[in-house]
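Inspection log for the structure reproduced underneath, given as structure tokens.
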Protein chains: 2
Amino acid sequence: MSENALYEELMRQLSAVGSVRRDLGRIVPFGCSDGAATVLTLLGRHGAMRIGQLTELLGVNPSATSRHASHLAMLGWVDRTLDPADQRSRIVHLTPEGHEQLAELSDRRSQELAKRLTNWRDKDLHQLAHLLSRLRADFDDPGTGQHAYKAPSEDAHRARPPAA
Amino acid sequence: MSENALYEELMRQLSAVGSVRRDLGRIVPFGCSDGAATVLTLLGRHGAMRIGQLTELLGVNPSATSRHASHLAMLGWVDRTLDPADQRSRIVHLTPEGHEQLAELSDRRSQELAKRLTNWRDKDLHQLAHLLSRLRADFDDPGTGQHAYKAPSEDAHRARPPAA
DNA sequence: TATTGTTATACTCTATAACTATA
DNA sequence: TATAGTTATAGAGTATAACAATA
């Protein structure tokens with residue numbers, strides 16, 4: 001069972017990389033928490049969506065998502081409009097100011113990463129992102145060998161929702 | 001600057017993988033927190049060491065490390081002996097019971113990973129661990145292109161300190 | 001009756017700052 | 001005076017459970 005060594009090593013690195021996340025998480029728009037900032041980036045990447053979808057992407061409890069969305073709404077960076085298809089849900093979407101804040105946020109975090117990962121090639125960055133994506137997909141749903149990794153689009157850096 | 005898309009994708013995946021970490025983090029010995037469990041695994045992997053070294057490996061503030069160590073000491077799973085070379089420091093090391101708890105913890109977490117990552121090859125696991133290690137090393141110290149990744153040893157799964 | 005969100009509450013983790021003891 | 005660690009405190013994140021509104 002020395003197989004375990006590989007799993008243990010992965011767990012340690014998964015744990016240790018938390019410090020990188022925390023460092024990046026300190027780069028936030030004024031008045032915005034890291035959790036709310038994450039919601040902002042998800043809306044920019046995937047477009048407007050309901051709390052439930054955000055919750056799934058975040059991999060957290062709906063209560064956390066709800067609070068982050070409220071926070072962003074209070075800042076005026078998102079609006080929550082009733083879903084015509086299901087009045088229980090509201091669709092969360094970025095406001096113009098939300099777009100601005102997100103663009104600045106993305107730039108600042110990207111610059112920080114670029115500064116620190118000077119010796120990383122695109123290939124490495126992509127591969128790590130890909131493996132992480134696959135890890136989460138398989139972990140959440142061990143059944144399928146496939147997972148829905150989608151390479152970042154050419155437009156992703158604009159932080160605009162894809163034809164929301 | 002569509003370069004940013006790669007960084008943004010990496011950030012998103014780094015953030016999203018937190019849910020995997022939280023899931024694994026719920027597997028802990030009774031009475032032990034995830035933070036304390038992490039200290040346990042570090043002691044198992046690297047052997048007895050001072051709070052300062054643990055702090056560096058954890059990538060957190062010394063105060064957090066101190067509290068986890070206290071917690072473990074209270075459980076009787078580690079001892080803290082004065083460092084003969086510097087009386088300000090104490091060396092944290094696993095007790096026999098700490099070893100037992102760690103072994104069980106490692107087994108349980110590994111089994112969980114094995115169950116969920118059935119379609120992962122050793123090569124994939126190793127590569128992801130490697131990239132994560134490199135990410136943290138380069139992020140913390142962008143100067144050097146080298147980093148101190150050490151492949152898991154054959155004995156790592158025994159969770160014994162290497163000739164502590 | 002089941003589902004989507006929201007809110008209140010509790011627990012854990014981390015950072016900051018003040019403090020003790022030793023180098 | 002500088003450093004290693006500890007403790008108290010505060011801020012942020014998530015999960016649980018109870019609740020409201022709609023399907």
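Chain letters run A, B, ... following the sequence lines, proteins first, then strands; residues in each count from 1. From a predicted model like this one, the values you see are computed outputs, not experimental measurements.
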Would you indicate what A:H68 reaches in the nucleic acid, counting non-hydrogen atoms under 4.0 angstrom: base, sugar-phosphate, or nothing?
sugar-phosphate
Starting the side chain at C-beta, find the nucleotide from D:dT6, C:dT4, C:dT16 nearest to B:S63.
C:dT16
Value in whole Å for how far the C1' atom of C:dA21 lies from CZ of B:R90:
11 Å
Verify the contact: side-chain N or O of A:R26 to OP1 or OP2 of D:dA12, cut-off strictly under 4.0 Å; return yes or no.
no
Straight-line distance of A:E100 CD to A:T95 OG1, nearest 0.5 Å
8.5 Å
Backbone N or O of B:L135 within a donor-acceptor pair of the A:R116 side chain at under 3.5 Å?
no
Let's see if you can work this out: which of C:dA23, D:dT14, D:dT16 has an atom nearest to the side-chain heavy atoms of A:N61?
D:dT16
Side-chain contact check for B:V60: nearest option of D:dA23, C:dA15, D:dA2 is C:dA15
With a 3.5 Å cut-off and just heavy-atom distances, do the side chain of B:R67 and the base of D:dT6 make a donor-acceptor pair?
no
With a sphere of 6.0 Å drawn around CD of A:E56, does it hold more than 12 non-hydrogen atoms of other residues, nucleotides or ligands?
no
Note: A:E9-B:R45 ion pair, threshold 4.0 Å (strictly below)
yes
Could you tell me which residues satisfy side-chain hydrogen bond (donor to acceptor under 3.5 Å, both in side chains) with B:S15, sequence neighbours excluded, listed by chain and number?
none
Residues B:D34, B:R109: salt bridge by 4.0 Å N-O rule:
yes
In terms of heavy-atom contacts, B:A114 and A:Y7 come closest through CA-OH, 3.4 Å
Length of the line joining B:L54:CG and D:dA4:C1', which is rounded to integer Å:
13 Å
Measure distances between side-chain N and O atoms of B:S66 and base N and O atoms of D:dT7, and say whether any donor-acceptor pair falls under 3.5 Å.
no
Give the rounded distance in Å between these two atoms: CE of A:M49 and P of C:dT4.
16 Å
How is B:R21 classified with respect to the nucleic acid when contacts are heavy atoms under 4.0 Å: base, sugar-phosphate, or nothing?
nothing
Atom-to-atom span, CD1 of A:I51 to P of C:dT4 - whole angstrom
13 Å
Does B:R90 have any salt bridge (Lys or Arg N to Asp or Glu O under 4.0 Å) partners at least two apart in sequence or in another chain, and if so, which?
none
Scan B:T55 against the nucleic acid and name what it touches under 4.0 Å (heavy atoms): base, sugar-phosphate only, or nothing.
nothing
Residues that B:R67 engages under salt bridge (Lys or Arg N to Asp or Glu O under 4.0 Å), provided they are two or more places apart:
none
When the distance from CZ of B:R88 to P of C:dT22 is rounded to whole Å, what number comes out?
10 Å
Whole angstrom is fine here: how far is it from NE2 in A:H71 over to P in C:dT6?
15 Å
Between B:I27 (CD1) and C:dT12 (P), how many Å, whole number?
17 Å
Record whether the side chain of A:S89 comes under 3.5 Å of the base of D:dT22 through a donor-acceptor pair of N or O atoms.
no
Between the base of D:dT14 and the side chain of B:R22, is there any donor-acceptor pair under 3.5 Å?
no
May I ask you to list the residues of residues 29-42 of chain B, by number, that have any heavy atom positioned under 4.0 Å from an atom of DNA chain C?
B:S33, B:D34, B:G35
Rounded to whole Å, CD of A:E56 lies from P of C:dG5 at a distance of 11 Å
For the side chain of A:P62, counting heavy atoms from C-beta on, which of D:dA15, C:dA2, C:dT6 is nearest?
C:dT6
Could you identify which residues of residues 74-86 of chain A place a heavy atom less than 4.0 Å from some atom of DNA chain C, listed by residue number, or say none?
A:R80
Quick one: list whatever passes side-chain hydrogen bond (donor to acceptor under 3.5 Å, both in side chains) with B:S19, sequence neighbours left out.
A:R136
